[in-house]
Structure formats: structure tokens, C-alpha cells
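Report on one structure; see the data block that follows.
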Amino acid sequence: MTTIVHDTAEALCLCEEYNLYLKPTVKMTISVALPQLKLPGKSISNWEVMERLKAMVAPEQLSTLRISKSTMDFIRFEGEVENKALVKSLLTRLDGKTIKLSGFTDILKVRAVENKMDFPTRHDWDSFFRDAKDMNETLPGERPDTIHLEGLPCRWFSQKDSQHPDRPAEDVLATIFQRFGKVRNVDIPMLDPYREEMMDKNFNTFSFGGHLYFEAYVQYQEYHGFTKAMDTLRGMKLMLKGDDGKAMACNIKVTFDTSKHLSSVSVKQRSQERQKLQELEWQREEQKRREKEEEDRRKEEEK
């Protein structure tokens with residue numbers, strides 16, 4: 001999901017050539033305790049509660065605010081803060097405060113906390129590959145060297161002046177992520193016309209708001225490049241600055257690959273499977289051609 005960015009002060013340049021930046025993302029959870037509803041047919045409006053929360057933080061604002069869970073006892077919201085410097089101020093305005101709704105005598109108590117960052121640490125990947133019995137850390141793709149990214153907007157990674165602006169390019173992906181170190185290999189599964197059949201997976205269904213998103217793998221030559229990329233991407237979202245000065249941001253998911261996706265064995269296996277599918281496709285086309293020739297010959301004889 002892409003959102004408009006009003007304040008780009010905290011943005012860090014990722015790739016100037018493609019106007020891509022990294023912007024810190026800060027999320028908070030806001031819980032509103034609900035009173036027991038004593039009168040039948042009376043209900044509390046989630047929308048009204050949300051509007052009251054927005055009023056409580058004014059003139060500041062949350063860049064996004066959505067309901068993550070709603071029960072008879074509480075409503076839980078997830079909000080995103082535009083600027084890290086605002087977090088303490090917003091928490092002060094919300095946590096421990098109360099809301100009075102029209103038509104209700106009971107007050108609603110508000111609790112607000114900053115969300116903990118859900119992102120792998122150096123200990124996570126080092127211990128995973130150290131303890132994995134089926135990994136050989138001397139081989140590329142079987143050690144901490146490959147980043148798996150999800151939710152990348154296709155248009156932000158397409159070739160400049162491309163006839164296919166919704167089609168990301170692997171060389172663009174490599175150019176952008178080589179900022180952290182030399183890239184050994186990249187893969188964008190949705191670009192392979194045979195991959196969906198090979199993996200029994202549809203890559204083109206993840207769309208939102210007119211944008212199309214893709215997943216990708218970036219493999220670094222050295223451990224240093226991998227760790228620098230992971231450490232820099234931690235707690236960040238992707239931001240695009242347009243030529244008109246306007247900016248948009250998108251939350252992305254970043255993990256370290258544990259599937260040997262870019263190991264030589266996996267790459268070779270996909271190549272062999274692709275070749276088989278190409279041969280099957282050729283055989284089917286050849287069969288269709290022979291059937292058409294036979295049909296044309298039969299029609300000619302019947303004249």
C-alpha cells in the first residue's frame with residue numbers, strides 16, 4: 001500500500017538515479033476500552049472513535065490509522081507516524097487519556113504504545129545458518145548473503161522510458177541495491193513466464209490502488225554487503241520522490257532467504273524445469289500445427 005508523504009526530512013537516499021529513498025517507519029498500537037452497553041440496540045461507532053483519536057493528536061496527524069481488531073470490549077487501532085520525532089508527543093496526547101462519546105455516560109480509556117520492530121537481527125541469521133544441517137556456508141545461497149524482499153512497487157523498478165512501465169527490471173534492481181555492496185545475483189520470479197507453472201504460484205495477484213507489487217531476491221558477493229543492506233533496511237519503508245517534488249512511500253517486507261533460492265543447485269534446477277516446460281510447449285504447438293495441417297488437407301480433399 002502506497003501513502004503520500006508530507007514530511008521527507010528523515011529520508012535517506014537509496015538510489016539517486018531512480019529517485020528512491022528510505023524513510024523510517026514508526027507504528028503504534030492504540031487500544032480503546034469500551035463500556036458495557038446496557039441499552040439494547042445501542043452501539044458504538046468505530047468511525048466516531050477513530051475521529052476522536054485524530055482530534056486528540058491534532059494539529060499533528062497519523063499518516064495512516066486503521067482498525068486491526070474490534071470486539072465487544074475494545075477497539076484496537078494501528079497507526080503510523082510520519083516522523084520519528086513526533087512519537088513521544090503523540091503518545092503523551094493519547095496514552096492514559098479518555099474519550100467521551102455523544103449519547104454515552106461512560107468514558108472510554110485510551111492506551112497507546114510504540115510497536116516493537118519486527119525485523120531479523122544479525123543473531124537471527126548467523127544462528128540460523130550455523131545450526132542448519134542442510135546448509136553449506138562455503139557455498140553462495142547457503143549462507144547469509146541473500147535478501148528476500150516483498151511488496152516492491154513494479155513501476156518504481158522499471159526501466160526509464162520503458163514501454164512496459166509496470167514491468168520491473170532485474171538490472172534496475174541490481175543497480176539500486178548495489179549501494180550496499182557488490183551484487184552477485186538477483187531474481188524477480190514474476191518475470192519468468194514459466195515460474196508460475198514451476199512453483200504453482202500466481203505472482204500477479206498482489207495489487208492495490210492501481211499499483212502492482214512484486215517480490216525479489218538480491219544476493220551479495222560478500223557478507224558485509226548483506227549485513228549492511230539488512231542493517232540499513234531495518235525499520236525503513238521505501239519512498240519515491242517524483243519529478244514534481246511530491247513523495248510516496250510503501251511498506252516493504254525484508255527477510256533473509258532460508259530457502260537456498262539463489263544457490264547454484266536451485267538455479268540449475270529451475271533452469272532444467274524451465275527447459276522441460278519449453279519442450280512441452282513446443283510439442284503442444286507442433287501437435288496443434290500437425291492437426292491444423294491435417295484438417296486443411298481433409299477440407300481440400302472434400303472439395
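Note that the numbering runs from 1 along the sequence shown for the chain.
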What side-chain donor-acceptor pairs closer than 3.5 Å can you find for residues 220-231, not counting sequence neighbours?
from: Tyr220; atom 1: OH; to: Phe177; atom 2: O; distance (Å): 2.7
from: Tyr223; atom 1: OH; to: Trp125; atom 2: NE1; distance (Å): 3.3
from: Tyr223; atom 1: OH; to: Asp126; atom 2: OD1; distance (Å): 2.9
from: Tyr223; atom 1: OH; to: Asp126; atom 2: OD2; distance (Å): 3.2
from: Thr227; atom 1: OG1; to: Tyr223; atom 2: O; distance (Å): 3.2
from: Thr227; atom 1: OG1; to: His224; atom 2: O; distance (Å): 3.0
from: Asp231; atom 1: OD1; to: Arg234; atom 2: NH1; distance (Å): 3.2
from: Asp231; atom 1: OD2; to: Arg122; atom 2: NH2; distance (Å): 3.1

Do other residues, nucleotides or ligands put more than 12 heavy atoms under 6.0 Å from Lys116 NZ?
-> no

Non-hydrogen side-chain atoms of Pro144 and Glu137 separated by less than 4.5 Å | yes

Would you check if there is a donor-acceptor pair between the side chains of Gln159 and Asp171 at a distance under 3.5 Å?
-> yes

May I have the step-by-step check of side-chain contact (heavy atoms from CB on, under 4.5 Å) for Met28 and Leu91, ending in yes or no?
-> CA-CA 9 Å; Met28 51 199 300; Leu91 287 175; 3.3 Å; yes

Heavy-atom closest contact (Arg93 atom, Ala58 atom, distance) = NH1-O, 3.2 Å

Could you pull out all donor-acceptor pairs under 3.5 Å where a side-chain atom in residues 11-25 meets a protein atom, sequence neighbours excluded?
from: Lys23; atom 1: NZ; to: Glu82; atom 2: O; distance (Å): 2.3
from: Thr25; atom 1: OG1; to: Glu80; atom 2: OE2; distance (Å): 3.4

More than 12 heavy atoms of other residues, nucleotides or ligands under 6.0 Å from CG of Asp244: is that the case?
-> yes

Given the rule that I, L, V, M, F, W and Y join up when any side-chain heavy atoms are under 4.5 Å apart, are Val183 and Leu139 in one cluster?
-> no

How many angstroms lie between OG in Ser264 and CG in Asn185, if you round to the nearest 0.5 Å?
-> 11.0 Å

Does one hydrophobic cluster hold both Val254 and Met117, with members joined at side-chain heavy-atom distances below 4.5 Å?
-> yes

Interatomic distance, Asn251 atom CG to Thr64 atom OG1 [nearest 0.5 angstrom] | 7.5 Å

Just by modelled atom types, is the Gln219 backbone N or O under 3.5 Å from a matching donor or acceptor in the Arg184 side chain?
-> no

Are Gln283 and Gln287 linked by a side-chain donor-acceptor pair shorter than 3.5 Å?
-> no

When you look at NZ of Lys268, are more than 12 heavy atoms from neighbouring residues, nucleotides or ligands closer to it than 6.0 Å?
-> no

Under 3.5 Å, is there a donor-acceptor pair between the side chain of Thr92 and the main chain of Lys88?
-> yes

Rounded to the nearest 0.5 Å, the CG atom of Asn46 sits from the CD1 atom of Ile75 at a distance of 4.0 Å

Look up atom OG in Ser31 and atom NZ in Lys109, then write down how far apart they are to the nearest 0.5 Å.
-> 14.0 Å

How about Ser266 and His261: do any of their side-chain heavy atoms sit closer than 4.5 Å?
-> no

Are the charged groups of Asp192 and Arg274 less than 4.0 angstrom apart, N to O?
-> yes

Smallest separation among heavy atoms of Phe214 and Ile188, with atom names = CD1-CG2, 3.6 Å

Which atom names give the shortest non-hydrogen contact between Phe119 and Gly235, and what distance separates them?
-> CD1-N, 4.3 Å

Output yes when Glu286 and Arg289 qualify as a salt bridge under the 4.0 Å nitrogen-oxygen rule, no when they do not.
-> yes

Shared ILVMFWY cluster between Val113 and Ile67, side chains joined below 4.5 angstrom?
-> no

Thr255 side, atom OG1; Leu233 side, atom CG - distance, nearest 0.5 Å | 11.0 Å

Min side-chain heavy-atom separation Trp156-Cys250 under 4.5 Å = yes

Where is the tightest heavy-atom contact between Thr146 and Gly141, given as atom of each residue plus distance?
-> OG1-CA, 4.3 Å

Report yes if some heavy atom in the side chain of Phe180 is under 4.5 Å from a heavy atom in the side chain of Val218; otherwise report no.
-> no

Please step through side-chain contact (heavy atoms from CB on, under 4.5 Å) for the pair Lys246 and Ile4, ending with a clear verdict.
-> CA-CA 8 Å; Lys246 294 179 181 178; Ile4 296 171; over 6 Å; no

Is Lys260 reaching over with its side chain to a backbone N or O of Asp134, donor-acceptor style, under 3.5 angstrom?
-> yes

Does any N or O in the side chain of Asp166 come within less than 3.5 Å of the main-chain N or O of Cys154, such that one atom is a donor and the other an acceptor?
-> no

Kindly indicate whether the side chain of Gln269, heavy atoms from C-beta on, has any atom under 4.5 Å from the side chain of Glu273.
-> yes

Between CG of Leu53 and CG of Leu90, what distance do you get to the nearest 0.5 Å?
-> 11.5 Å

Which is it for Leu62 and Ile30 under the side-chain contact (heavy atoms from CB on, under 4.5 Å) test, yes or no, and what are the steps along the way?
-> CA-CA 12 Å; Leu62 296 158; Ile30 306 165; 4.2 Å; yes

State plainly whether the residues Glu294 and Arg297 are in salt-bridge range, i.e. N to O under 4.0 Å.
-> yes

Which pair of heavy atoms, one from Gly79 and one from Leu65, lies closest together, and at what distance?
-> CA-CD1, 4.0 Å

Going through the distances and angles, do Glu295 and Arg298 end up as a salt bridge (charged side-chain N to carboxylate O under 4.0 Å, His left out)?
-> CA-CA 5 Å; Glu295 179 70 18; Arg298 197 163 52 246; 2.4 Å; yes

Does Leu108 reach the side chain of Pro35, with side-chain heavy atoms less than 4.5 Å apart?
-> yes

Could you walk me through whether Ser158 and Arg167 pass side-chain contact (heavy atoms from CB on, under 4.5 Å), step by step?
-> CA-CA 6 Å; Ser158 66; Arg167 186 179 178 85; 5.7 Å; no

Are Val5 and Met236 connected in the hydrophobic side-chain network, where two residues link if heavy atoms are under 4.5 Å apart?
-> no

Is a donor on one side and an acceptor on the other found under 3.5 Å between the side chain of Asp124 and the backbone of Thr121?
-> yes

Can you tell me if CD on Gln163 sees more than 12 non-hydrogen neighbours from other groups inside 6.0 Å?
-> no

May I ask you to test the Tyr213-Thr2 pair for a side-chain heavy-atom distance under 4.5 Å?
-> yes

side-chain contact (heavy atoms from CB on, under 4.5 Å) partner of Ile107, chosen from Ile99, Leu101, Thr98 | Thr98

Kindly give the heavy-atom pair with the smallest separation between Leu94 and Ala112, and that separation in Å.
-> CB-CB, 3.9 Å

Has the side chain of Glu10 got a donor or acceptor atom that lies under 3.5 Å from a matching backbone atom of Lys84?
-> yes

So which pairs with a foot in residues 47-67 pass salt bridge (Lys or Arg N to Asp or Glu O under 4.0 Å), sequence neighbours left out?
-> Glu48-Arg52, Glu51-Lys54, Arg66-Glu78

Cluster question for you: counting only ILVMFWY and a side-chain heavy-atom cut-off of under 4.5 Å, with indirect links fine, are Phe157 and Met239 together?
-> no

For residues Pro168 and Leu152, determine if any side-chain heavy atom of one lies less than 4.5 Å from a side-chain heavy atom of the other.
-> no

